[in-house]
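Notes to accompany the following structure.
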Amino acid sequence: MPSQSDTFLPVCLDLGALESAAVAATHRAALACCSWVGRHDADAADGAATEAMRRALATVPGRGTVVIGEGEKDNAPMLFNGEVVGDEGGGPDFDIAVDPLEGTSFCAKGLPGALSTIAFGDSGSFWSPGPGFYMDKIVVPPAARHAVDLDDPPERTVQKVAEALSKRADELRVVIMDKPRHQGEDGLIARVLATGAAVHTPAGGDVGGALEVLLPTCDVDLLLGVGGTPEGVMTAAAVRALGGGMLGRLAPKTAEEAAAIRGAGMSVDRVYERDELVGGGALFAASGISGGPLLGAPRRVDGTTVAESLLITDGQVRFIRHTTFEPIPTW
């Protein structure tokens with residue numbers, strides 16, 4: 001087991017001044033887009049969440065810079081890279097990684113798993129992937145932090161994680177997104193299943209899958225596979241705060257993306273460790289939109305609106321229940 005000093009890194013950022021702002025931003029975004037759940041209009045839902053989060057971030061104490069914003073890879077509405085938010089009224093300078101609507105397709109189709117997510121970090125601490133939109137990732141709980149290598153075949157990874165967690169391979173539960181790149185007879189899903197491990201295959205939402213690995217209330221041991229780089233940076237903020245392990249490597253989907261990465265002087269072979277993805281104090285917040293195993297959807301109960309969020313800071317996870325008289329926006 002990692003020691004306390006190995007697991008939880010000291011926080012430089014004044015998290016106390018930003019915790020409530022982070023939760024407020026995801027909460028406002030979740031409420032704004034929940035009326036679009038099940039309406040099969042992904043752009044409208046994404047736009048509603050983004051604008052509500054932008055308004056909430058305008059009142060954050062200090063000066064925040066969006067280092068990585070979701071949407072650029074698929075031309076969806078977004079908080080753009082380099083956008084500056086906050087009231088600039090004497091608070092801290094900080095980095096932001098954001099996805100106002102993580103699991104856009106879940107929201108559009110009325111399926112569980114959609115979240116609003118954000119991460120704050122020390123100024124200059126968040127890695128920027130430049131033109132790289134996708135990355136190969138491994139996420140593990142603290143006890144397996146030093147057991148993984150992105151160059152290992154998946155069979156070896158499963159075995160090493162099982163040993164680190166004092167489990168058999170057939171006792172492991174693994175999250176791999178159900179994407180064509182992971183499918184097929186020799187694909188990642190099939191190879192992990194062949195080890196005896198159970199594989200949970202959501203259609204998307206790798207931030208949610210990583211949280212299930214990190215939170216002791218969820219029975220998941222490992223996340224594998226290729227997902228988005230914005231999600232990767234946000235995930236790394238939560239992983240760092242909770243002392244888990246993460247490795248990532250750019251995984252371009254097209255020749256154009258690979259060429260752009262090389263043109264930016266970056267490598268598709270380099271493996272980034274957790275503390276290279278997020279190199280300082282960080283916090284992560286999320287709010288439920290369409291419900292699921294992590295956070296419930298906003299709902300009306302006895303004339304009040306009830307919503308759920310979580311906040312991850314230095315070694316702590318706090319689940320927050322919002323109860324207000326504010327109505328849920330209607331379509």
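Just so it is clear, the model here is predicted, and its values are computed rather than measured.
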Straight-line distance of Arg63 CZ to Phe94 CZ, nearest 0.5 Å:
10.5 Å
Please list all pairs meeting salt bridge (charged side-chain N to carboxylate O under 4.0 Å, His left out) that have one or both residues in residues 188-199, counting only residues at least two apart or in different chains.
Glu155-Arg191
Is a side-chain donor-acceptor pair under 3.5 Å present for Ser116 with Thr26?
no
Would you check if the side chain of His182 reaches a backbone N or O of Met177 as a donor-acceptor pair within less than 3.5 Å?
yes
Mark yes or no for whether Ser267, through its side chain, and Asp269, through its backbone, hold a donor-acceptor pair below 3.5 Å.
yes
Partners of Ala286 by side chain to side chain contact (heavy atoms under 4.5 Å, CB included), sequence neighbours excluded?
Thr117, Phe284, Leu295, Leu310
Identify, with sequence neighbours excluded, every residue that meets salt bridge (Lys or Arg N to Asp or Glu O under 4.0 Å) alongside Arg262.
none
Taking Glu308 first and then Arg299, would you say they form a salt bridge - that is, a charged N and a carboxylate O separated by under 4.0 Å?
yes
Once you round to the nearest 0.5 Å, how far does OG1 of Thr235 lie from CD of Glu102?
7.5 Å
Look at the side chain of Asp122 and the backbone N and O of Gly280, then say whether any donor-acceptor pair between them is shorter than 3.5 Å.
no
For Asp221, the salt bridge (Lys or Arg N to Asp or Glu O under 4.0 Å) test, sequence neighbours excluded, returns Lys167
Do Val278 and Val271 share a hydrophobic cluster, counting only Ile, Leu, Val, Met, Phe, Trp and Tyr and linking them when any side-chain heavy atoms are less than 4.5 Å apart?
no
Any non-hydrogen side-chain atom of Val85 less than 4.5 Å from a side-chain atom of Val60?
no
Apply side-chain contact (heavy atoms from CB on, under 4.5 Å) to residues Arg54 and Thr50 and explain how you reach the verdict.
CA-CA 6 Å; Arg54 180 176 279 116; Thr50 298; 3.9 Å; yes
Side-chain donor-acceptor pair present, Arg300, Thr305, cut-off under 3.5 Å
yes
Take Leu172 and Val158, measure what side-chain contact (heavy atoms from CB on, under 4.5 Å) needs, and give me the verdict at the end.
CA-CA 8 Å; Leu172 250 57; Val158 168; 4.0 Å; yes
Would you check if Pro129 and Trp127 make a side-chain contact, meaning some heavy-atom pair closer than 4.5 Å?
yes
Under the criterion side-chain contact (heavy atoms from CB on, under 4.5 Å), I'd like the reasoning laid out for Leu79 against Leu57: C-alpha separation, chi angles, the key distance, then a yes or no.
CA-CA 10 Å; Leu79 283 145; Leu57 290 174; 4.2 Å; yes
Which heavy atom of Ala114 sits nearest a heavy atom of Gly103, and at what distance?
CB-O, 3.6 Å
Test of understanding: clusters of I, L, V, M, F, W, Y form through side-chain heavy atoms closer than 4.5 Å, transitively. Do Val67 and Val233 belong to the same one?
yes
Reported OG1-to-CZ distance for the pair Thr59 and Arg28, which is rounded to 0.5 angstrom
10.5 Å
Glu83 side chain to Phe80 main-chain N or O, any donor-acceptor pair under 3.5 Å?
yes
Taking every non-hydrogen atom, the tightest pair across Ala164 and Ala147:
CB-CB, 4.0 Å
Any Thr65 side-chain heavy atom under 4.5 Å of Ser123 side chain
no
For Asp170, give me all partners under side chain to side chain donor-acceptor pair (under 3.5 Å), at least two apart in sequence or on another chain.
Arg168
Measure across Asp41 and Ala108 and return the closest heavy-atom pair with its distance rounded to 0.1 Å.
N-CB, 4.1 Å
Please round to the nearest 0.5 Å and tell me the distance separating atom OG1 of Thr217 and atom CG of Leu294.
7.5 Å
Please answer whether the main-chain N or O of Gly245 pairs with a side-chain N or O of Arg274 as donor and acceptor at a distance below 3.5 Å.
no
Which distance, rounded to the nearest 0.5 Å, do you find between the OG1 of Thr104 and the CG of Asp99?
6.0 Å
Residues, nucleotides or ligands: over 12 heavy atoms within 6.0 Å of Glu163 CD:
yes
Please work out which of the three classes, parallel, tilted or perpendicular, describes the rings of His27 and His322, given edges at 30° and 60°.
parallel
Transitive ILVMFWY side-chain link Ile96 to Leu311, under 4.5 Å
yes
For Arg270, enumerate each residue passing the salt bridge (Lys or Arg N to Asp or Glu O under 4.0 Å) test, keeping only those at least two apart in sequence or located in another chain.
Glu276
For residues 281-298, which residue pairs pass the salt bridge (charged side-chain N to carboxylate O under 4.0 Å, His left out) check, not counting sequence neighbours?
none
Using the side-chain contact (heavy atoms from CB on, under 4.5 Å) rule, take Val148 and Val161 through it: C-alpha gap first, then chi angles, then the decisive distance, then the call.
CA-CA 7 Å; Val148 290; Val161 171; 3.6 Å; yes
How would you list, by chain and number, every residue that makes a side chain to side chain donor-acceptor pair (under 3.5 Å) with Lys179, sequence neighbours excluded?
none
Is there a chain of hydrophobic side chains (I, L, V, M, F, W, Y, each step under 4.5 Å between heavy atoms) that links Val140 to Ile312?
no
Out of Leu222, Leu223, Asp152, which residue meets the side chain to side chain contact (heavy atoms under 4.5 Å, CB included) rule with Ile138?
Leu222
For the CG atom of Leu115 and the CZ atom of Phe106, what is their distance to the nearest 0.5 Å?
9.5 Å
Would you list the atom pairs, donor with acceptor, under 3.5 Å between side chains in residues 192-214 and any protein atom, with sequence neighbours excluded?
| residue | atom | partner | partner atom | Å |
| --- | --- | --- | --- | --- |
| Thr195 | OG1 | Val192 | O | 2.5 |
| Thr195 | OG1 | Ala197 | N | 3.3 |
| Asp206 | OD2 | Lys137 | NZ | 2.4 |

Heavy-atom pair of closest approach, residues Ala119 and Phe126
O-CE1, 3.6 Å
Apply side chain to side chain donor-acceptor pair (under 3.5 Å) to Asp178 and list each qualifying residue two or more places apart in sequence or on a separate chain.
Gln183
Of all heavy-atom pairs linking Asp95 and Ser125, the shortest is OD2-N, 3.0 Å
Hey, quick one: are Leu242 and Met246 part of the same hydrophobic cluster, counting side-chain heavy atoms closer than 4.5 Å, chains of contacts allowed?
yes
With sequence neighbours left out, the residues meeting side chain to side chain contact (heavy atoms under 4.5 Å, CB included) with Thr323 are Thr304, Val306, Arg321
For the residue pair Pro131 and Met266, what are the closest heavy atoms and their distance?
CD-SD, 4.2 Å
May I ask you to test the Glu19-Arg318 pair for a side-chain heavy-atom distance under 4.5 Å?
yes
Listed pairs under 3.5 Å, donor-acceptor, residues 247-255 side chains, sequence neighbours left out:
| residue | atom | partner | partner atom | Å |
| --- | --- | --- | --- | --- |
| Arg249 | NH1 | Asp151 | OD1 | 2.8 |
| Arg249 | NH2 | Leu150 | O | 3.4 |
| Thr254 | OG1 | Glu257 | N | 3.0 |

